[in-house]
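A quick write-up on the structure given underneath.
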There are 2 protein chains.
Amino acid sequence: MELFGERGFEQTTVAEIAARAGLTERTFFRHYSDKREVLFGGSSGFSGLLMQSIADAPAGATPIDTIAAALATAGELFVDRLDHARRRQRIIDAHADLQERELIKLASLAASLAEALRQRGVGDPAARLAAEAGVAVFKVAFDRWIELSNTASLSDIIRESLDELKAVTAGNERR
Amino acid sequence: MELFGERGFEQTTVAEIAARAGLTERTFFRHYSDKREVLFGGSSGFSGLLMQSIADAPAGATPIDTIAAALATAGELFVDRLDHARRRQRIIDAHADLQERELIKLASLAASLAEALRQRGVGDPAARLAAEAGVAVFKVAFDRWIELSNTASLSDIIRESLDELKAVTAGNERR
DNA sequence: CTATGTGATGTCAGTAACTGACATAGAGCA
DNA sequence: TGCTCTATGTCAGTTACTGACATCACATAG
């Protein structure tokens, strides 16, 4: 993060990252499968927590309410992380390669959430659609949360965005 | 596509692709920004057609109906392309790098659709959510269409999937 | 018909991400 | 003390990708 902030992602070589960490380039690649991955280390833990909150949702909850519970968990995980999230996102937004990596992490998250729904007995394609919709809500909400003008909490924005999605798909939007 | 089918994507070097096309490696990179892009050339045209169908939708249509019109256009574009789509997808599914590229193309598509909705006067975040939901429906429907066991048309599957999404977000799904 | 400019292609050298093979060091343990 | 196992270092190699410059075909002005 330091080096990326100083020189930008492309201008920073893996050799420099390794040197700053007191390691060899070869050792870097033993810890991270590639240069981009260094920014996405925590994503598997994140995914696991959301899957758990799906598993823990009340037995009678509908798929969309179950997804809402997972999104609520996601919102809580970013409390007090706004500054860090903004710095990180600024780097990602500046490089298409990093955006691609972010998107595949989110796609993998959607697949995990769908699987967690299926384990609750939700059928396909409902499970997959609910999961994809949930991730779409998260993406939109996260972007709104990151915006410099925003002061609301991620949790609140997620709730609002989910309600907006419901209104949109119900055909309740003007124009 | 020939070379990727024979040897796989990673095992095929750009020099080989260029040679097969009767060109130099350097010339390849003047036509395609990178090796992966060779599989995603048509995506800007695709995106343009969907944006046009959003612009052409009836003035009073709701955002979700407008997106439905765009998805209908998308469905028509793949008539008689099932075999080609399956071969191409097999290659993509085998390589994470290619999946990343596919995802960023779809994200770019979602951004374009959202912009087309905004030009019709749809506000944010409704425009973005409707667009993201539309792309999610397309993803799920496309996967179902590609499945070997499937015989239905992409257009029909898209319609079904959109209806499923509406049911899911309305909370009308069991369990 | 010649000259000149323009766009596509070729040639070449260089950088940096990533990989495989092998060597070494240190921690724990018999 | 010696053995094993894991993390790390070293080194050589491949390949994607880029910048600089040369060349060639073709069109068009003069």
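As the structure is a computational prediction, the values presented were derived from the model and not from experiment. Proteins get letters first, then strands, A, B, ... in listed order; numbering begins at 1 in each.
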Exercise for the section: Would you kindly give the CD-to-P distance between A:E37 and C:dT19, to the nearest whole Å? Expected result: 12 Å

Quick one: side chains of residues 150-158 of chain B, donor-acceptor pairs under 3.5 Å with protein atoms, not counting sequence neighbours, listed by atom name and distance.
from, atom 1, to, atom 2, distance (Å)
B:N150, OD1, B:A152, N, 2.9
B:N150, ND2, B:W145, O, 3.0
B:N150, ND2, B:A152, O, 3.2
B:S153, OG, B:D156, N, 3.1
B:S153, OG, B:D156, OD2, 3.3
B:D156, OD1, B:R159, NH2, 2.5

What donor-acceptor contacts under 3.5 angstrom involve side-chain atoms of residues 101-110 of chain B, with partners at least two apart or in another chain?
from, atom 1, to, atom 2, distance (Å)
B:R101, NE, A:E100, OE2, 2.7
B:R101, NH1, B:D34, OD1, 3.1
B:R101, NH1, B:D34, OD2, 3.3
B:R101, NH1, B:E37, OE1, 2.6
B:R101, NH2, A:E100, OE2, 3.2
B:R101, NH2, B:D34, OD2, 2.8
B:E102, OE1, B:Q89, NE2, 3.3
B:E102, OE2, B:Q89, NE2, 3.3
B:K105, NZ, B:E37, OE2, 2.7

Distance-only check: which donor-acceptor pairs under 3.5 Å involve side-chain atoms of residues 132-139 of chain A, not counting sequence neighbours?
none

Give me the distances for all protein-to-nucleotides 17-23 of chain D N/O pairs that come in under 3.5 Å?
from, atom 1, to, atom 2, distance (Å)
D:dC17, OP2, B:K35, N, 2.6
D:dG19, N7, B:R26, NH2, 2.8
D:dG19, O6, B:R26, NE, 2.7

Exercise for the section: Ignoring backbone atoms, establish whether B:T27 has a side-chain N or O less than 4.0 Å from OP1 or OP2 of C:dT9. Expected result: no

Fill in the blank from the handout: Comparing B:H31 with A:A15, nearest DNA chain C nucleotide closer to 5' gives the residue B:H31

Practice task
Answer with base, sugar-phosphate or nothing: what part of the nucleic acid does A:T24 contact at a heavy-atom distance below 4.0 Å?
Solution key: base

Practice task
Take the protein atom CD of A:Q11 and the nucleotide atom P of C:dT15, then report the distance between them rounded to whole Å.
Solution key: 14 Å

Practice task
Apply ring pair (Phe, Tyr, Trp, His ring centres under 6.0 Å) to B:F29 and list each qualifying residue two or more places apart in sequence or on a separate chain.
Solution key: none

Problem - Electrostatic pair A:E6:A:R20 at N-O distance under 4.0 angstrom - result: yes

Problem - All pairs passing salt bridge (charged side-chain N to carboxylate O under 4.0 Å, His left out) where residues 81-99 of chain B contributes a residue, at least two apart - result: none

